[in-house]
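Chain identifiers are assigned alphabetically (A, B, ...) following the order of the sequence lines, protein sequences preceding nucleic acid strands; residue numbering begins at 1 within each chain. Just the heavy atoms: all of them, side chains too, but no hydrogens, waters or symmetry mates, feed the values below. The structure presented is a predicted model; accordingly, all values stated were derived computationally and were not measured.
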Amino acid sequence: MLDLRWIRNHPEELKAAMKRRGADVPVDELIELDGRWREKLTLVERLKAERNEASEAIGRAKREGKDASEAIARMKEVAAQIKELDQEVAEMEARIKELLLEIPNVPHESVPDGASDADNVEVRRVGEPREFDFEPKPHWELGVSLDILDFERAGRVTGARFAFLKGLGARLERALIQFMLDLHTEEHGYTELWPPFIANADSMTGTGQLPKFAQDMFRLEGTDYYLIPTAEVPVTNYRKGEILDGASLPLYYTAYSPCFRAEAGAHGRDTRGLIRQHQFDKVELVKLVAPETSYDELESLVRDAESVLQKLGLPYRVTLLCSGDLTFSSAKTYDLEVWMPSYGRYVEISSCSNFEDFQARRADIRFRRQPGAKAEYVHTLNGSGLAIGRTVAAILENFQEADGSVTIPPVLVPYMGGRTKIEPPRE
RNA sequence: GGAAGGGUGGCCGAGCGGACGAUGGCAGCGGUCUUGAAAACCGCAGACGGUCACGCCGUCCGUGGGUUCGAAUCCCACCCCUUCCGCCA
C-alpha cells in the first residue's frame, strides 16, 4: 500500500509509475474521492467538537442541579446529523482503502523499463552449463526410471500437478531443506522459524496476496483461512502490528514451508515434472530492515540465495526484472535462474525482492530509531533460498550420468547418509 | 465441543455512564544533585487522521453494531488469549 498523502501530492509521479508497470489504476478517481472525503470529514469533526463541548456543559449543569433538557434536545439533533455524516465518511474511507489496496508498488528508479520478461536484464552468469556426451533426459523421465518420482499415482490420489517423492527422492528433498536451513542459519545469520502453513485473510492482505489474487490460492471452505502460497506470508506477518526497537534491526528470518498455489491461468504450462506443482517445498528468506539500508540488504539477500546454487555446483544466472514483470508488491526484484537441460534454458528458482514500506504499511510493522522517536515503517524483503522442487529437478538433470544414475553434490552427501549416487533400481 | 475468567498506552496494571486519552508502576526523554555514575527528587512524554500551522480539532481502551445529550465503562454479536473438563497427535 502506498501512502495516501504521498499520492495526494504526487499524482503525476504515480501515474507515470503505473504506466511503467503497465497497470491500469484509477488515480483520478482516488484523488477526487480523497478531496471530497476530507471536506466531509472536516464537517463532521466540527459537529463532533460542538457535541463534545455541549456534553460537557450538560454534565456540569446536571451536577449543579440545573435543568439541561433544552440543550439535550438540541444535541439530539446534532447527534443524528453526526450519525448520518459518519456513515458517509466511513463509506468513502472504505472505498479509498479498497482503491489503495489494489494499487501496486512503485518501481524503484534502478528498475529498467519493459513490458514483459523478455525485457528483463541479465546481471551475471555463474557456472557453465555442462556439455553432455550423451542425450540427457528430462527430470520427469529420470525420476520415474530411478523410481524416485511418481506422478501417475499422485494423479490418482489427488490430481494433476501433484507428485509423490519416493525413496532417495524423498530423502533428497529432505536433505535439501536441511542443507539450506543450516546454511542460512549458521553462515548467513538468519533465525529459523517454523511457521503456520495456513494464514488468515488479514495476513494475506498484509503481504499483498489479497485482495487482488484470491484466485491464485486455496481457501479453506467456510473460513477466511488460506493455505500459504509461500512462507513469505506467515514470516513477514510474524511481526505484524508491532513497533520494533530500532536497535534490533535488521531482522533476518528463514523458514521452510510447503507452498500451495492454485495456478489458475497456467493451464498447459510446464505440465510435466516438478516445475509447476500445486504443492512444493521452499526455504524462504525474509528481512525487516531500516529504510536507508534496504537496497544494500537486497544485494546481500541475493548473495545469500546464490550461495546455495554455488555450493550445489549448479549453473545459474541473475536477472533484474523490468518494470512490467514486477510482482504486485515489489519495488525491485532479482530472479535467480538455474540451468535446466530439458528446457534448454535458465528457469526461475528464486525471486528476491525489496518491497520497501509497501508491505509494512499493510501489515503495520514499524520501528523506532531511538526510544521516544517517531515510529516509522520498516522495509521488508524476501527471497527464495531456494525452491526445493526445482532444485531437485536441476540436480537430477544437471548431474545425470550416461548410465542413468545421478551424482549427488558433495555438500549434500552428509545429508544423504553418505550416499554419493542415486542409481537405477535393478531391472 | 462444554465451563469459567480475561483482552486498556512500548511493557505491567487500575478504572466499570459525565471532570478519563485514561490512576499507578516499569522502561524512555529533559533537569536538579554528583568529579562521573547510581540512587533520590522535579518535569516531559501514546498512536492515527484533518488543518498552512511544535497551535487547534477529531478518532482510538480486542473487532463490529446498539443504547445515551455523553460510553473504556451498559446491551448484542464476533474474534483472540488463559485455566479446567472432554477428545485427540
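The six-membered or imidazole ring of Tyr252(A) lies away from that of His184(A), with a centre-to-centre distance of 6.0 Å or more. A ring-centre distance under 6.0 Å is not found for Phe218(A) and Tyr226(A).
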Q) Could you go step by step and tell me if Glu284(A) and Thr230(A) meet the side chain to side chain contact (heavy atoms under 4.5 Å, CB included) rule? A) CA-CA 8 Å; Glu284(A) 186 74 359; Thr230(A) 159; 3.9 Å; yes
(Q) Before you tell me yes or no, could you show the steps for Asn237(A) and Val235(A) under side chain to side chain contact (heavy atoms under 4.5 Å, CB included), namely the whole-Å CA-CA distance, both residues' side-chain angles and the distance that decides it to 0.1 Å? (A) CA-CA 5 Å; Asn237(A) 281 291; Val235(A) 176; over 6 Å; no
Q: Could you please spell out the steps behind the side chain to side chain contact (heavy atoms under 4.5 Å, CB included) verdict for Ile408(A) and Phe399(A)?
A: CA-CA 7 Å; Ile408(A) 292 166; Phe399(A) 302 142; over 6 Å; no
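Each of Lys62(A) and Tyr225(A) was matched to the nucleotide of RNA chain B holding its nearest heavy atom; the match closer to the 5' end belongs to Lys62(A). Between Arg51(A) and Asp34(A), the residue whose closest nucleotide on RNA chain B is further toward the 5' end is Asp34(A).
Rounded to the nearest Å, the gap between the P atom of C60(B) and that of A19(B) is 14 Å. A77(B) and G25(B) are spaced 36 Å apart, taking the C1' atom of each and rounding to whole Å. Across A14(B) and G31(B), the matching P atoms stand 35 Å from one another, rounded to whole Å. Comparing the C1' positions of C74(B) and C61(B) gives a spacing of 16 Å, expressed to the nearest Å. C69(B) and G62(B) have their P atoms separated by 25 Å, with the value rounded to a whole Å. One P atom belongs to U51(B), the other to U8(B), and the distance between them is 32 Å to the nearest Å. G7(B) and U63(B) have their C1' atoms separated by 11 Å, given to the nearest Å. Remark: the separation of the C1' atoms in G1(B) and G86(B) is 8 Å, to the nearest Å.
Using a 4.0 Å heavy-atom cutoff across all strands shown, Lys83(A) reaches sugar-phosphate atoms only and no base atom. No contact: Arg74(A) has no heavy atom under 4.0 Å from any strand. Contact annotation for Ala79(A): backbone-only contact, meaning every heavy-atom pair under 4.0 Å involves sugar-phosphate atoms and none involves a base. Contact annotation for Ala54(A): no contact, since no heavy-atom pair falls under 4.0 Å across all strands. Among the atoms of the strands shown, none is found under 4.0 Å from any heavy atom of Asp245(A).
Across the strands present, U51(B) finds its partner in G55(B); the criterion is a Watson-Crick or G-U wobble pair with both atom distances under 3.5 angstrom. The partner of G43(B), taking Watson-Crick or G-U wobble pairs whose two distances both stay under 3.5 Å, is C29(B). With both pairing distances under 3.5 Å, A22(B) is matched to nothing as a Watson-Crick or G-U wobble pair. Judged by Watson-Crick or G-U wobble contacts below 3.5 Å, the nucleotide G5(B) has C81(B) as its partner. Remark: A89(B) base-pairs with no nucleotide in the shown strands. Criterion, Watson-Crick or G-U wobble with two distances under 3.5 Å.
Counting only heavy atoms from C-beta outward, the side chains of Lys332(A) and Leu321(A) never approach each other to under 4.5 Å.
Between chain A and RNA chain B, the heavy-atom contact criterion of under 4.0 Å yields a 5' to 3' nucleotide range of G18(B) to C80(B).
For RNA chain B, the neighbouring residues in residues 358-369 of chain A, judged by any heavy atom under 4.0 Å, are Arg366(A), Arg368(A).
If you check the side chains of Glu397(A) and His139(A), you find a donor sitting under 3.5 Å from an acceptor. One side chain, Asp304(A) or Tyr190(A), offers a donor N or O that lies under 3.5 Å from an acceptor on the other. No hydrogens or angles considered: nothing links the side chains of Gln359(A) and Tyr377(A) as a donor-acceptor pair under 3.5 Å.
A salt bridge is absent between Lys97(A) and Glu93(A); no separation between the charged side-chain nitrogens and carboxylate oxygens falls under 4.0 Å.
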